[in-house]
Amino acid sequence: MTQTTFLDPSTSPLMAWVPTQEAAAERLNQFCGRAGASYAKRRNYDLCPADRSSVSALSPWLRHRVLLEEDVLRTVLQQHTLSSAEKFVQEVLWRGYFKGWLEHHPTVWVRYKSRLLELADQLEKDQSLEQRYADAIGGQTGIECFDAWSTELVQHGYLHNHARMWFASLWIFTLRLPWELGADFFLRHLLDGDPASNTCSWRWVGGLHTKGKTYLARADNIEKFTEGRFNPDGELALKALPLQESNLPPPREIAPIQDEPEEGCVGLLITEEDCSPESLHLSRYPTSVLALASPTERSIWPTGELARSFSSGSVNDAAQRAEAAFSVPVEMSDDNEWAQVIADWAAAHHLDAVVTARLPVGSVRKRVINAMKVCGLPLVEITRPYDWSVWPHTKRGFFALKKKIPSIIEHLV
């Protein structure tokens, strides 16, 4: 895999995310000193694509678990107290919160995917909707800040978190477009595009996640936190009436930790969901390792090339580390036919079971589960301790998890 030089966003004209653990560690070390009071003071400022010094910019690596949450927290808290780094620690936990929440409420993902199919049909029939949607994703709405963020998303695969909130608010309340289409646009292009964080964040802006509580973008807020780059005074909606949906089923219990088989040949499967296979708590070395480097399409529409490349590169990097860690050859596959690839791999190595890092709700999970049905072998999912410490507190609002942060940190760090 070809690697490019990693650039520090605080000094570089362009943020570069290289899909390797080495690049992730370098960025973490560059940011770590700013994770305390500096981060708390500056984190809401969307400076520009050339300057990400106000945030960590770690999310693409965290999303693919090239970098693990507990390692980030451990590194930061070696230099800062929990109270001084509270804002940053909470941001890390928000990602775990949303992932756990969607595990408890998988119906939300099913509804979202179903609604996209309905909207695809509507776009073909409704020329007005199709044109407004095309203008929005093409950066042609006439609202300068929105159009700049739309272009930035496609060109760089990233948006500052505050810009994501403003963008979603404008999409829903000013442009009055279906939130699912906006969430899909993000998911297709973000390097850190994650089913849980992305879906839940859009729902939060629209007043669905916390029922009745919406996020309304204001011109003065945008002007302040972009340091005058944008001021859409008079262009934004002044009200944000919450979106409506039918009631969700009660939260489901999350499946318990699975035990690996004590006998037989076991193969390890690497996907874009977890690219740190060497740190999985395996009871024994696998007989063989298969890395699925063909990225999953995140939508009924094509995934952005930057997002695809980062996912594929992350798996490639994970495969190299797995080979060194387990002392077995790692088979790489760029084939989209996962069912056939897994079946052939399992047969060639006479596998009795397949283990993989736990697959959260999303498209990757669906593909692997369907492929394993064809293969006919048991799939054992290894849940990381971090997830198991966070997810039980994510059935409802973030506050329940927030109260547990000190004990979670004490246990993990």
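The analysis underlying the following values was restricted to heavy atoms, covering all of them including side chains, and did not include hydrogens, waters or symmetry mates.
- Here the shortest heavy-atom pairing between Ala24 and Leu58 reads O-CD2, 4.2 Å.
- Of the charged side-chain nitrogens involved, none lies within less than 4.0 Å of a carboxylate oxygen, so that Arg229 and Glu152 do not count as a salt-bridged pair.
- Side chains of Gln131 and Gln140: a donor-acceptor N/O pair is absent below 3.5 angstrom, by distance only.
- Ser53 and Asp51 share a side-chain donor-acceptor pair at under 3.5 Å.
- Residues Tyr158 and Trp17 place their aromatic rings such that the two centres sit under 6.0 Å apart.
- The closest side-chain donor-acceptor pair between Ser246 and Arg111 falls under 3.5 angstrom.
- Separation of atoms CZ (Arg63) and CD (Glu272) is listed at 6.0 Å; rounding is to 0.5 Å.
- Neither side chain, Asp46 nor Trp166, offers a donor N or O lying under 3.5 Å from an acceptor on the other.
- With no hydrogens or angles considered, no side-chain donor-acceptor pair links Trp109 and Thr199 at under 3.5 Å.
- Centroid-to-centroid, the aromatic rings of His393 and Tyr97 stay 6.0 Å apart or farther.
- By the 4.0 Å N-to-carboxylate-O rule, Glu381 lies close enough to Arg365 to be salt-bridged with it.
- Asp184 and Lys113 are not joined by a salt bridge, as no carboxylate oxygen comes within less than 4.0 angstrom of a charged side-chain nitrogen.
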(request) Starting from the C-alpha separation in whole Å, work towards a yes-or-no answer on side chain to side chain contact (heavy atoms under 4.5 Å, CB included) for Glu273 and His64. (result) CA-CA 5 Å; Glu273 288 291 351; His64 295 284; over 6 Å; no

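- Checking Thr383 against Arg358 by side-chain atom types alone, a donor-acceptor pair falls below 3.5 Å.
- In this pair, Trp301 and Tyr133 present their aromatic rings tilted. The plane angle is within the 30 to 60° band.
- The nearest pair of heavy atoms linking Ala346 to Leu377 is CB-CD1, 3.6 Å.
- Taking the centre of each ring, Trp391 and Tyr386 stay at or above the 6.0 Å mark.
- Checking Asp317 against Thr20 by side-chain atom types alone, no donor-acceptor pair falls below 3.5 Å.
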Show me the side-chain donor-acceptor pairs of residues 350-357 shorter than 3.5 Å, one per line, residues at least two apart or across chains.
residue: Asp352; atom: OD2; partner: Cys265; partner atom: N; Å: 2.7
residue: Thr356; atom: OG1; partner: Leu269; partner atom: O; Å: 2.7

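- No hydrogens or angles considered: a donor-acceptor pair under 3.5 Å links the side chains of Arg367 and Thr296.
- Side-chain contact of Glu253 with His104: a donor-acceptor pair under 3.5 Å is absent, judged by distance alone.
- For the residue pair Ser276/Ser279, the side-chain donor-acceptor check at 3.5 Å is not satisfied.
- Note on ring orientation: taking the six-membered ring where Trp is involved, the planes of Phe167 and Phe146 are parallel (angle under 30°, cut-offs 30° and 60°).
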(request) List the steps, then state whether ring pair (Phe, Tyr, Trp, His ring centres under 6.0 Å) holds for Phe173 with Trp179. (result) CA-CA 10 Å; Phe173 302 117; Trp179 74 266; over 10 Å; no

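- No salt bridge links Asp135 with Arg132; every basic N to acidic carboxylate O contact stays at or beyond 4.0 Å.
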